[in-house]
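Positions are given from 1 along the sequence. Computed over heavy atoms, backbone and side chain alike; hydrogens, waters and symmetry mates excluded.
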Amino acid sequence: MDRWIAPGRVNIIGEHTDYNDGFVLPIALSLGVVCAAGARTDGRVRVGSAQRPGEAVELALDDLAGQRDQLPGWARYPLGVVCEFVAGGRPIPGVDLEIDGAVPIGAGLSSSAALCCAVTVALRDLFAPGLDDRAMVRIARAAENGFAGVPTGILDQSAAILCTEGHALFLDVRAYLNGEAGAVEQIPFDLRAAGLALIVADTGHPHDLADGGYAERRNECAAAAAVLGVHALRDATELNMARLHDPVLRRRATHVVTENDRVLDVVTRLRSGADPRAIGPLLTASHRSLRDDFEVSTPALDLAVDAALDAGAYGARMVGGGFGGSVLALVERTDADRIGAAIGRRFTAADLAAPRVITAEPGAGARKLD
């Protein structure tokens, strides 16, 4: 069988803005999910995982949609992609899928989107070679939303499909969904040349976007937009926030509005060739907004951010949907190991397991492996 890979991602800035029609700025990671795939002709699909030995699932393609609730949770992601292909009129005569993932699960680095996108590009190449990037993003997102029951926006899938090596992906979500020109821009992001690094600390406190907290935030954002009379919080402004008398809705909207502004500020600075160190305070401001206005941080995430800043990071913030996961920090490359160790010591002093720390380099999007 041939093999395809899709990367995990870390979002430089732009959290919880994608499903509000806003702006995001992720990079792809070198860590990814590999899908080995091969066609078969018997109308059946089989999926196995190196991380789930002995738990392979096989069934008839015609039974796939009706068997969703009987499938193990991990298998709903790849089989959801298969289901979306079939439901979209892209026939599959049968397929074998073998999954092997290196993206930590629950770390806020989009392991599930990497899985769905690896399967999507494999099925495209095998059965639907004319499928464009936008269609692949929609399929991977639909698999997560509908089959796996995770109400994500398009940030994770877009990053896995569209990112390029050495760049951050500036995505105008509304424009991209509407097929408008200029929705995607590759922003040069060569931290190594500036003597900088992004470190990512996985706190070991996994999150689960299929639980209630993420969906609750989405519902609150939709409710705030309805009160303001706008299609999405992308259209709200700080000036009309006073119309939100519910303090919770006002806080949620405040985060989205200010986070969109922060994304645009970071992109403007990077486009102009400014010293990337200048974006550090914007990263930290993003964390404070996620902690105080959006209320999706945790004590462990706050501890990692504080430890990184105290050790000399230019900026730090939680990444992903929140309620657990990872923290990123912008640091001098020569200080990366020292600051990672400082985060570990802070956790140990709090009787917590030290986080796993990696250096994030802007990598390539989903592709076939040689």
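Salt-bridge formation is not detected for the pair Glu180/Arg174: no Lys NZ or Arg NE/NH1/NH2 atom is positioned less than 4.0 Å from an Asp or Glu carboxylate oxygen. Comment: Asp310 engages Arg346 in a salt bridge, judged by a side-chain N to carboxylate O separation of less than 4.0 angstrom. Between Asp246 and Arg250 there is no salt bridge, since no side-chain N of the basic residue sits under 4.0 Å from a carboxylate O of the acidic one. Under the 4.0 Å criterion applied to side-chain N and carboxylate O atoms, Glu220 and Arg251 are not assigned as salt-bridge partners. Between Arg40 and Asp42 a salt bridge is recorded (basic side-chain N to carboxylate O distance below 4.0 Å). No salt bridge links Asp125 with Lys368; every basic N to acidic carboxylate O contact stays at or beyond 4.0 Å. Ion pairing between Arg356 and Asp202 fails under the 4.0 Å rule for side-chain N and carboxylate O. Note on Glu98 versus Arg46: salt bridge recorded, some NZ/NE/NH1/NH2 to OD/OE distance being below 4.0 Å. Using a 4.0 Å cut-off between charged nitrogen and carboxylate oxygen, Glu185 and Arg271 count as a salt-bridge pair.
A donor-acceptor contact closer than 3.5 angstrom links the side chains of Thr164 and Gln186. Looking at Glu144 and Ser112, their side chains do bring a donor and an acceptor atom within 3.5 Å of each other. Defined by atom type and a distance below 3.5 Å, a donor-acceptor pair is missing between the side-chain atoms of Ser289 and Glu259. With no hydrogens or angles considered, a side-chain donor-acceptor pair links Ser297 and Asp302 at under 3.5 Å.
Using a 4.5 Å heavy-atom threshold, the side chains of Leu71 and Leu79 count as touching. Using a 4.5 Å heavy-atom cutoff, the side chains of Arg333 and Leu196 are not in contact. Side-chain contact check for Ile27 versus Phe189: some heavy-atom pair is nearer than 4.5 Å. Using a 4.5 Å heavy-atom cutoff, the side chains of Ile12 and Pro26 are not in contact. Annotation: side chain of Val45 is not in contact with side chain of Glu58 (no heavy-atom distance under 4.5 Å). A heavy-atom distance below 4.5 Å is not found between the side chains of Ile99 and Tyr77. Within the 4.5 Å cutoff, no side-chain heavy atoms of Asp100 are placed close to those of Ser49. For the pair Leu264/Phe23, a side-chain contact is recorded, criterion being any heavy-atom separation below 4.5 Å from C-beta on.
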Begin from the C-alpha positions of Leu198 and Val200 and carry the test side-chain contact (heavy atoms from CB on, under 4.5 Å) through to its verdict. CA-CA 7 Å; Leu198 272 180; Val200 177; 5.5 Å; no
What's the verdict on side-chain contact (heavy atoms from CB on, under 4.5 Å) for Leu228 and Leu244, showing C-alpha distance, side-chain angles and the deciding distance? CA-CA 7 Å; Leu228 294 173; Leu244 289 169; 3.9 Å; yes
In sequence, state the C-alpha distance, the side-chain angles, and the governing distance for Met318 and Arg291, and then conclude on side-chain contact (heavy atoms from CB on, under 4.5 Å). CA-CA 9 Å; Met318 57 149 282; Arg291 180 193 65 197; over 6 Å; no
Arg252 vs Asp293, salt bridge (Lys or Arg N to Asp or Glu O under 4.0 Å): CA-CA, chis, key distance, verdict: CA-CA 6 Å; Arg252 303 299 185 256; Asp293 289 328; over 6 Å; no
Between His255 and Glu295, does a side-chain contact (heavy atoms from CB on, under 4.5 Å) hold up when you go through it step by step? CA-CA 10 Å; His255 166 72; Glu295 298 177 285; over 6 Å; no
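Nearest heavy atom pair, residue Pro93 against residue Leu61, reads C-CD1, 4.1 Å. Shown here for Ala65 and Phe147, the closest heavy-atom pair between the two residues is CA-CE1, 4.4 Å. Of all heavy-atom pairs spanning Val357 and Ala201, the tightest one is CG2-CB, 4.1 Å. Nearest heavy atom pair, residue Arg234 against residue Asn20, reads CB-O, 2.9 Å. Here the closest non-hydrogen pair linking Cys116 and Val81 is O-CG2, 3.6 Å. Shown here for Arg90 and Ile139, the closest heavy-atom pair between the two residues is NH1-CD1, 3.8 Å.
At distances below 3.5 Å, not a single donor-acceptor pair connects side-chain atoms of Asn178 with backbone N or O atoms of Ala175.
Atoms CG and CG, from Leu330 and Leu191 in turn, are 6.5 Å apart once rounded to the nearest 0.5 Å. Put simply, CD on Gln157 and OG1 on Thr152 are 4.0 Å apart, with the number rounded to the nearest 0.5 Å. Taking SG from Cys221 and CG from Asp21, the interatomic distance works out to 11.5 Å, rounded to the nearest 0.5 Å. To the nearest 0.5 Å, atom CG of residue Leu352 and atom CG of residue Leu303 are 6.5 Å apart. Expressed to the nearest 0.5 Å, how far CD1 of Ile343 lies from CG of Asp306 amounts to 10.5 Å. Considering CG of Leu301 and CG of Leu290, their distance stands at 10.0 Å, rounded to 0.5 Å.
Linking Ile, Leu, Val, Met, Phe, Trp and Tyr residues whenever their side-chain heavy atoms come within less than 4.5 Å places Val10 and Leu155 in a single cluster. Put simply, Ile199 and Ile358 are part of two different groups of oily side chains (I, L, V, M, F, W, Y) that touch within less than 4.5 Å, one to the next. Both Val119 and Leu59 belong to a single network of hydrophobic side chains, linked directly or stepwise wherever heavy atoms of I, L, V, M, F, W or Y lie under 4.5 Å apart. When hydrophobic clusters are built by joining Ile, Leu, Val, Met, Phe, Trp and Tyr residues whose side-chain heavy atoms come closer than 4.5 Å, directly or via intermediates, Val319 is grouped together with Val103. In the hydrophobic clustering of this structure, Ile5 does not group with Val33; members are Ile, Leu, Val, Met, Phe, Trp, Tyr whose side-chain heavy atoms approach within less than 4.5 Å, directly or through other members.
By the ring pair (Phe, Tyr, Trp, His ring centres under 6.0 Å) test, Tyr314 is found to be paired with no residue, residues two or more places apart in sequence or in another chain being considered.
For the pairing with Glu15, the side-chain hydrogen bond (donor to acceptor under 3.5 Å, both in side chains) check across His287, Arg262, Arg317 returns one residue only, Arg317.
Taking the six-membered ring where the residue is Trp, Tyr19 and Tyr214 present perpendicular rings, their angle passing 60° and hence far from 30°. Using the six-membered ring where Trp is involved, His16 and Phe294 have ring planes that are tilted, between 30° and 60° apart.
A cation-pi arrangement is found for Arg134 relative to Tyr176, the charged atom lying closer than 6.0 Å to the ring centre and inside a 45° cone about the ring normal.
Within 6.0 Å of the CG atom in Asn219, the count of heavy atoms belonging to other residues, nucleotides or ligands exceeds 12.
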